[in-house]
Structures are given as C-alpha cells and as structure tokens.
Amino acid sequence: MKETPKKRVLFLFSDTGGGHRAATEAMIEALDLEYPGAFTTAAVDFLRDYFPSPLKYAPEIYSKLSKVPSAWGLPYEVMDGGRRVRTVTKVAYPYIRRGMQRLLRENPADLIVSVHPLANNTLVRSMKKHPSPFITVVTDMVSTHAFWFDRHADLVVVPTDLAKSRGIHFGISEGNLRVIGLPVADKFNQPMANRAAWRRSHGWDRDIPVALLVGGGDGMGPVLRVAKAVNNAEVPIQLAVICGRNASLKADLEAINWKIPAHIYGFTTEMPQFMGASDILVTKAGPGTICEGFISGLPIILYARLDGQEEGNVDYVVQHKAGVWAPRPREVVDALQDWVANPAHRAAAAKISRSLARPRAAREIAAVIAEQCGVAK
Ligand code: UDP
C-alpha cells in the first residue's frame, strides 16, 4: 500500500529573545503528539540564516537594545502602522529579496507558519509569483505590532481578544483571525511527579517560599538590581535566578554576598520544572514567560517591560489581578514582603493566574495546521 506523503511545515522564527523559539518548539511538539508521523517540520531562524548583515545580527541587537527598555518604545511606535510597515518593507525588500527567495527554494513546504513579526510582509513579497499557504502565529500577547498582520495570511492566530482587536484594526478580516492562546511546551501541563524531591535535588529548602527571578531568554532587564534589593532587604524567601544566555549576569550574581538562600542558573531547558517547584514568579513582561506562569499557577511580579511591545502584557496581568507591576527594585521587595506575610493575597493572585492559562493552545494550533494541510486525525 502506498504511504501518504508527510506534509511539510516550515516555521519561520528568530532568536530575538527566547519566546519565538519556545513557541515554535511547542507547536512542533504538539504536531508530533496529536498527529504522530503525519508531518515533517523545519524551523528556520530566517533573520540569522538568510538575511544580510546587519539584520542577521538581530538576535544580538535585540539582546543589547532590550537592556535599555525605554529605547525600545519610540522606534516601536513610529513603525506601528499598516502603511508604515508596507513602506518600510518596500524600501528594505531589494536588500533582503535574495535571501528570502533562497530560503523558500531551500525549504519547500506545504504550509509556512510565521512566528515572527518581521517574517510576514517580506514573505508575502517573496511569494508574489508562487504563493504558498501561510499562517501567522502571533507570540505577543496584547500590544501586537502592525508588522504581525498581513492581509494575505490565510489565517492569523492570536493569544487574546485584545490582540484580535489589533488584527481587525490593521485590516485582517474577522474570519481570518482566531483567538487560541500562546503555544507553550506540553511539559507545563504535566503536574510535577515529586515537587519536594525536585526541590531537594536542587538544594532548595523545603519550607521557604521560592521566588523564581527570570529575565527572558537573554536575562534581560535589571535582574541584578532586583536580586540585590531582595538580598539587602533580607526578604524571608529563597531566590532562584535564571540568567538565560546572559553569562556576565550569572557571574555578577554568583559574586554577591548572599544573606538569603539563593540559587543561580544559566540557560535552562527545565523551565516547566523550575516553575512547578516555585511559589512566585518575578519576571520581565515577556509573553512566553507570563503564559507559562499562568499554566503553572504562579502569582506574578513584573519588574520590567519593553516599552511599546510589552506594555499591554503588564496591563493584562495587573488588570486581571494575577500579579503586580513593580518597576523599581524597592517595589519588588514590597510585593514579595506582602505575599510572604499574607499568603492569602498570594493565593488569590495564583488562582487568577491559573484561570488565565490556555494550556491547550499548542495542541489547538496543531489542529489548525492540520486543517490547513488537509490532514485528518
Ligand atoms: N527560557 C528558557 N530557558 C531559560 C530562559 C528562558 O527556556 O533559561 C524560555 C522561557 O521559558 C520562555 C522564553 O524563553 O519560553 C522567553 O520568552 P519571553 O516571551 O518571556 O521573553 P523573550 O526572551 O522572548 O523576550
């Protein structure tokens, strides 16, 4: 009997931060779980591998720029308009055309999934003569930039109703927008087999609440200042700090004279376990980390955000009362003191956090991909 050929799905992401890669991996995992053997997948960092310099250095540029979150807001807002996006793409296109066309030649696919705002318009231009089906999976939560939305997309998947409104504002028809959620690794959905044993194996005290301090994939924002403030105030917690790819941050943290129990880590592939074993999440307002925190039922303290891009995430968390906005290290200390002294406050925020979770998002997006490719279960 002839075997049905596998459908080829090409994901376009870039390592500008950790969120686009994490979302891509979550969707690939969900395709394997829901439709074993039905797809072959490729994930391409299109900026790094196919764009000329300086654009190919976008991951490094993002990591540097995001150290000054306030510098992010102006360019973000100046570009945030449908016509402006089209103009910028038109001007930049001659420069990136060859790379984009090579990408499409080298990665033939039955469906392209864009997981990055800069992929959409350039993709549409590159496919003018030979259009392929493509969908966009928006990995920003609320303040979703105009770059995400191109009317030629066959479907745009968004994480919230607010992001859907932005899509409509930028001319996407309601029928081409689907609110599903942000795709997150399946492991976040699995309860920890033995939380106490995991804590013990990592040298964490069994009884002292753990605040998990994270700065996205690149250890961004004033992580060091926050950690020092918590240490100096001797907040009765233990601190677990994930530095991501920021090696100098890790070294600086390790050099601190700790007065409270502290555990310092570099980039981890065990974020589901870290969150499952923690009691409080202290993070910059990255959408991936926030949504993972929701699934893990963690109350959230947001200590930094990228102006423009992540402002909506802060409002979302604060307005729902899943957490607090604490842009000064002193405010992080106050929030932690409150949640340690009043476990009921912490539990209330944790309950709301969990209620905002969309644990099935990755699997639902896998179903959308299957539908677009004509694959049945
Ligand atoms: N992350 C990880 N290991 C680390 C640090 C971060 O897997 O050591 C993941 C984190 O779980 C999340 C992503 O990187 O999925 C960060 O995404 P987010 O949208 O929060 O921020 P970004 O880094 O994209 O600005």
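Both ligands and their constituent atoms are indexed starting at 1 by order of listing.
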Under the side-chain hydrogen bond (donor to acceptor under 3.5 Å, both in side chains) criterion, do His20 and Ser14 qualify, and how do the steps go?
CA-CA 6 Å; His20 305 290; Ser14 184; over 6 Å; no
Which residue owns the protein heavy atom closest to atom 23 (O) of ligand 1, what's the atom, and how far is it?
Gly18 N, 2.7 Å
What is the nearest protein non-hydrogen atom to atom 18 (P) of ligand 1, stated with its residue, atom name and distance?
Gly288 N, 3.7 Å
Out of all atoms in ligand 1, which are within 4.0 Å of some heavy atom of Ala22? Include the element for each.
15 (O)
May I ask you to check whether Asn246 and Ser248 show a side-chain donor-acceptor distance below 3.5 Å?
yes
Gly217 N/O to ligand 1 N/O under 3.5 Å:
yes
Between the CZ atom in Arg178 and the CD atom in Glu371, the distance rounded to the nearest 0.5 Å is 5.0 Å
Indicate whether any N or O donor in one side chain lies under 3.5 Å from an N or O acceptor in the other, for His145 and Gln309.
no
Taking the inter-plane angle between the rings of Trp148 and His116 on a 0 to 90° scale, is it parallel (under 30°), tilted (30 to 60°) or perpendicular (over 60°)?
tilted
With a 4.0 Å cut-off on heavy atoms, does Tyr62 reach ligand 1?
yes
Salt-bridge test for Asp252 and Lys250: reply yes if a basic N is under 4.0 Å from a carboxylate O, no otherwise.
no
Given Tyr50, which partner from the list Glu106, Lys56, Arg102 fulfils the side chain to side chain donor-acceptor pair (under 3.5 Å) test?
Glu106
Run the numbers for me: atoms of ligand 1, each under 4.0 Å from some heavy atom of Thr289, listed by number.
12 (C), 16 (C), 18 (P), 20 (O)
Rounded distance (nearest 0.5 Å) linking atom OG of Ser132 with atom CZ of Arg8:
9.0 Å
So for ligand 1, is Thr268 a polar contact partner (N or O within less than 3.5 Å, distance only)?
yes
Classify the ring geometry between Phe274 and His202 as parallel (under 30°), tilted (30 to 60°) or perpendicular (over 60°).
perpendicular
Return the residue, atom name and 0.1 Å-rounded distance of the protein heavy atom closest to atom 24 (O) of ligand 1.
Gly19 N, 2.8 Å
Atom 5 (C) of ligand 1: protein heavy atom closer than 4.0 Å?
yes
Identify whether the distance between the nearest side-chain nitrogen and carboxylate oxygen of Asp150 and Arg125 falls below 4.0 Å.
no
Quick one: does ligand 1 sit under 4.0 Å from the side chain of Ile242, the backbone, both or neither, non-hydrogen atoms only?
side chain
In ligand 1, which numbered atoms sit nearer than 4.0 Å to a non-hydrogen atom of Gly17?
22 (P), 23 (O), 24 (O)
Looking only at non-hydrogen atoms, which of Arg245, Met141, Glu292 approaches atom 10 (C) of ligand 1 most closely?
Glu292
The closest protein heavy-atom partner of atom 1 (N) of ligand 1 is Met271 CE, 3.8 Å
Atoms of ligand 1 less than 4.0 Å from Gly244 heavy atoms?
8 (O)
Quick one: does Glu310 get an N or O within less than 3.5 Å of an N or O on ligand 1?
no
What's the shortest distance from atom 25 (O) of ligand 1 to any protein heavy atom, and which residue and atom give it?
Lys284 NZ, 2.7 Å
